[in-house]
Amino acid sequence: MSTLATTYSPKEIESKWYEYWMKHSMFHSEPDDREPYTIVIPPPNVTGVLHMGHMLNNTIQDVLVRRARMTGKNACWVPGTDHASIATEAKVVAKLVQEGIQKADLTREQFLEHAWEWTRKHGGIILEQLKRLGASCDWDRTNFTMNEEYSRSVIRVFVDLYHQDKIYRGVRMVNWDTKALTALSDEEVIYKEVNGKLYYLRYYISPLTPEGGRGAYAVVATTRPETILGDTAVCINPNDPKNKHLKGKKVIVPLVNREVPIIEDDYVDVEFGTGCLKVTPAHDVNDYLLGEKYSLEVIDIFNDNGTINEKGQLYVGQDRFDVRKQIEKDLAAAGLLEKVEPYTNKVGFSERTDVAIEPKLSMQWFVKMDELSKPALEAVMEDDVRLFPPKFKNTYRHWMENIKDWCISRQLWWGHRIPAWYLPQGGLVVAETVEDALMLAKEKTNNPKLTAEDLRQDEDCLDTWFSSWLWPISVFDPNVPGHPEVDPNRDLQYYYPTADLVTAPEILFFWVARMIIAGYEWAGGYPFRNVYLTGIVRDKLGRKMSKSLGNSPDPIELIEKYGADGVRVGMLLSSPAGNDLPFDEALCEQGRNFCNKIWNAFRLVKGWTVDENEKQPEHSAIAVEWLYALIQKTVTSVADDFEKYRLSEALMELYKLYWDEFSGWYLEIVKPQLGKAMDKTTYEATLKIFDIMLRLLHPFMPFITEELWQNLAKRADDESIMLAQQPVAREHDEHVISSFDFAKQTVTAVRSVRQEKNLSMKEPLRLLVKGDMNAAAKNLAVRLANVSEVAPLNVDDKATGASFMVGTTEFLIPLEGLVNVEEERKKLQTDLAYSQKFLKSVLVKLNNEKFVSSAPEAVVAVERKKQADAESKIKSIEEQLQKLG
RNA sequence: GGGAGCAUAGCUCAGCUGGUUUAGAGCAUCUGCCUUACAAGCAGAGGGUCCUUGGUUCGAAUCCAUGUGCUCCCACCA
């Protein structure tokens, strides 16, 4: 008997095999003659920790990579991390604050030292966590968006774009983060509903009466009364009768007493508020546009940290939200506040620091997107890059067709510093290094005496995505864009384009679209063939799992509790591409249970003893033939599922194959009776089947399959299931499967009779048959339903008992004295009614001449078969009823 | 405001170009079992006006339209 424990304990097994794989460099890939299969990981934030989204994402990638590796491809999964400039900088700043250090008190170099220290301390934790999951990344290729080589490629790309005139500097209204003190791209702003107030303010018409008294006034509605300090106009709709009296007038801005013009523009909504709009060009995007159109003065009243500056005249140095409260009181006191209404509007917040965004005019660097985006749009529209699920094509197109220039400068220190140097007498040069910059500067200024100290490098860093859009290229060749003198890079040639990208739809534009753009621009084509977009992991209440809500389980704890394989199965069981994953620990439990099932089947098989002289029983031969056929069928359909990225379905098919078919039916049939030995033929077939099934399951459940595969047969020291091949489907006889299905149904029916009549499994039953009953059914009935004898059922047979039908074959289990005639009759009558109704519906079709003439012949034939079967069924039920008397 | 998508069993989802579907799976539920691999298990069972209403068709869960409800993306009326 086996000494294996009755439950599978994953812990030691997982670390044992992961170390084994690492020791033998089994994840490592080098270019060779095989077809490459490449995935680049969506690089997580370098100082991040693993969350459920990563779990899902990386499980999927690992399944794809492991399967590719087992189908003869040279699989390479490149891991790495992203420096995540603003996110990391925010963390470092917060940590310094805790230590009583302000960022402003540090020099750039000092701050970067702290940041690197932080990175060294926390960096890569997430990659270690991925190992627990079983991720088969090529760790030798681990990359980082801010390591030296990678950084060089980022700078090179900037310079290249600059020389192509695709990068420019300009004053623009940007989203200003008053906490991080940086501009944000539109994508980094999250709009939230905020319960605020709508303030109605009085703007008196100028001039005031000679005595300083007040006459008529305009009422302006605003949610941000503090911005009146920067008002430079009031705007009305030219077609608004309500405000006709204001045309051509000037009004006095409350409190600051600035005289500003009334301007007219269709932009103003007559219906909203009073139809009067205050215009603050420096602090509102739309106002800015109005300001440009009507050449209004621009008064920027805010400091970078959101406090009022001298230009605001009042409240100087106070925070914008404090001012809002104060100004309400002051306006009221001055009789300039008409009324205040509660009002809900949407306000932009910084994705990273969660402070309200302040629209702000500032000098920033931009990438011109119109030309760059064209090939990338086409790539997806023409399916050169395929999105899964394809519904994202629409979203993608919409975005790419309305793409705006990309603000790439960030007022941060942690990141790639913009390679632009300002000249002492104005102007700038852009170059890869300060040396190159100096050369250019000398040329440009005609001043050979210029030194590096005379040049001042731009203070800003590049947007994180300006480095990660190069990820699929730079991890293979940091010399891109290619310098002619550099040898063509073998890795890039071999691994690029990558096969699949697995990522979240949230970063379709941030990252995916931009990688496609970069691919066409610098690597001669698309960066990946397929994009698998995962869903969002949600909790039971449908909320997105997030740190702030505290509703996300710790993945490592889950692994401890259910095992990595169990969690992987749990993640994949209900996660079709693009669908959200409503996560429930019960799914991991199901995964763990499956591991246990696999484990116990192995225990059973391992416990068998083999007797060479034993002949293979017929039922075993039948079971082997059937399961082989079923496996072939499943292999084909699993391959099809993978083609379509239907991973959950592939897994579910294998789950059922292993649990129901293999464990539930096959093993129950072939297992020898207590104390008996097993015949060699069946034993070897079973080992072979076990081997096939482990290989099929390995991409999903790497650890337990390796453990059992290693124990299934003698293996060499450098062998691994992960290097074995996936089973290839062979032809199978569908008839074998359908015969066996008939047998299963027969067994189930007999068992059902036992249950209903409360008959113990130990009590043998006779089974009378009228019609076809194949050998499989006979064998299985005997083997699995304790049927002692199968005999023909004669029409005049007076036997009473429980009857049932499988297909058109009629069965009777004689049960003298045990049958309640009334109950039996009722049951038969229900069956009869059902069949009659069914027959009727079939006949309606067949009696419809149009159906018979227009439907394809095969469809009509099917209906005729239904009719014949139903008729025969009805006939036999009626006979049964007669017999009951 | 603009766009996209979804609605099938208690839950999560299959159901592909309309026809062997008076609709399938897993989980959950109920009943009976500690049967010598596994109670993290075994055996059996129940459960659905395929969101509404129309239309196209010989035939609709499937195609079209309308309504309802939900989700996401984009825009950001102060």
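Here is how names work: the chains are called A, B, and so on, in the same order as the sequence lines, proteins then strands, and each is numbered from 1.
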Could you work out the separation of [N] and [M] based on their [atom1] atoms and round it to a whole Å?
N	M	atom1	result
B:G15	B:C50	C1'	11 Å
B:U29	B:G47	C1'	9 Å
B:U62	B:G26	C1'	23 Å
B:U8	B:C63	P	15 Å
B:C51	B:A14	P	14 Å
B:G69	B:C27	P	36 Å
B:G18	B:G2	C1'	33 Å

Determine: side-chain N/O of [X] to OP1/OP2 of [N], distance under 4.0 Å, yes or no.
X	N	answer
A:Y267	B:C77	yes
A:W665	B:C42	no
A:Y343	B:C77	no

Quick check with a 6.0 Å cut-off and a 45 degree axis cone: is A:K339 positioned over the face of A:Y200's six-membered ring?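 Yes, a cation-pi geometry holds between A:K339 and A:Y200.
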To the nearest Å, how far apart are [X] [atom1] and [N] [atom2]?
X	N	atom1	atom2	value
A:N600	B:C34	CG	P	19 Å
A:E668	B:G44	CD	P	11 Å
A:N345	B:C76	CG	C1'	10 Å
A:K845	B:G19	NZ	C1'	6 Å
A:E649	B:U12	CD	C1'	13 Å
A:K671	B:G41	NZ	P	15 Å
A:L604	B:U36	CG	P	13 Å
A:D240	B:A78	CG	C1'	14 Å

Answer yes when [X] and [Y] have at least one side-chain N-carboxylate O distance shorter than 4.0 Å, and no when they do not.
X	Y	result
A:K744	A:E661	yes
A:E668	A:K671	yes
A:E226	A:R320	no
A:K873	A:D869	no
A:R864	A:E857	no

Classify the nucleic acid contact of [X] as base, sugar-phosphate or nothing, counting any heavy atom under 4.0 Å across all strands shown.
X	answer
A:Y655	sugar-phosphate
A:P505	nothing
A:V268	base
A:M761	nothing
A:T748	sugar-phosphate
A:K837	base
A:R646	sugar-phosphate

If you check the [X] side chain, which of [options] turns out closest?
X	options	answer
A:K597	B:G19, B:A25, B:G41	B:G41
A:P582	B:A25, B:U12, B:A75	B:U12
A:T6	B:C76, B:G26, B:C38	B:C38
A:F851	B:C76, B:C58, B:A40	B:C58
A:R603	B:C76, B:A37, B:U36	B:A37
A:N596	B:A25, B:A45, B:C38	B:C38
A:T395	B:C73, B:G26, B:G15	B:C73
A:N848	B:C38, B:C58, B:G26	B:C58
A:W659	B:G5, B:C38, B:G41	B:G41
A:D269	B:A14, B:G19, B:A78	B:A78

Between the base of [N] and the side chain of [X], is there a donor and acceptor pair under 3.5 angstrom?
X	N	value
A:Q755	B:U31	yes
A:R751	B:A43	no
A:Q590	B:A28	no

Does A:G675 or A:V747 map to a spot on RNA chain B nearer the 5' end, using the closest nucleotide for each?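 The 5'-side residue here is A:G675.
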Where each residue is assigned the nucleotide of RNA chain B containing its nearest heavy atom, which of A:S854 and A:R592 is assigned the position nearer the 5′ end?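 On the 5' side of the pair lies A:R592.
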Do A:K278 and A:T227 pair up side chain to side chain, a donor and an acceptor below 3.5 Å, judged on atom types alone?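 Looking only at side-chain atoms, A:T227 and A:K278 do form a donor-acceptor pair, the distance falling under 3.5 Å.
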If you define the side chain from C-beta out and look only at heavy atoms, does anything of A:C235 sit under 4.5 Å from A:I262?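 Side chain of A:C235 against side chain of A:I262, heavy atoms only: no contact under 4.5 Å found.
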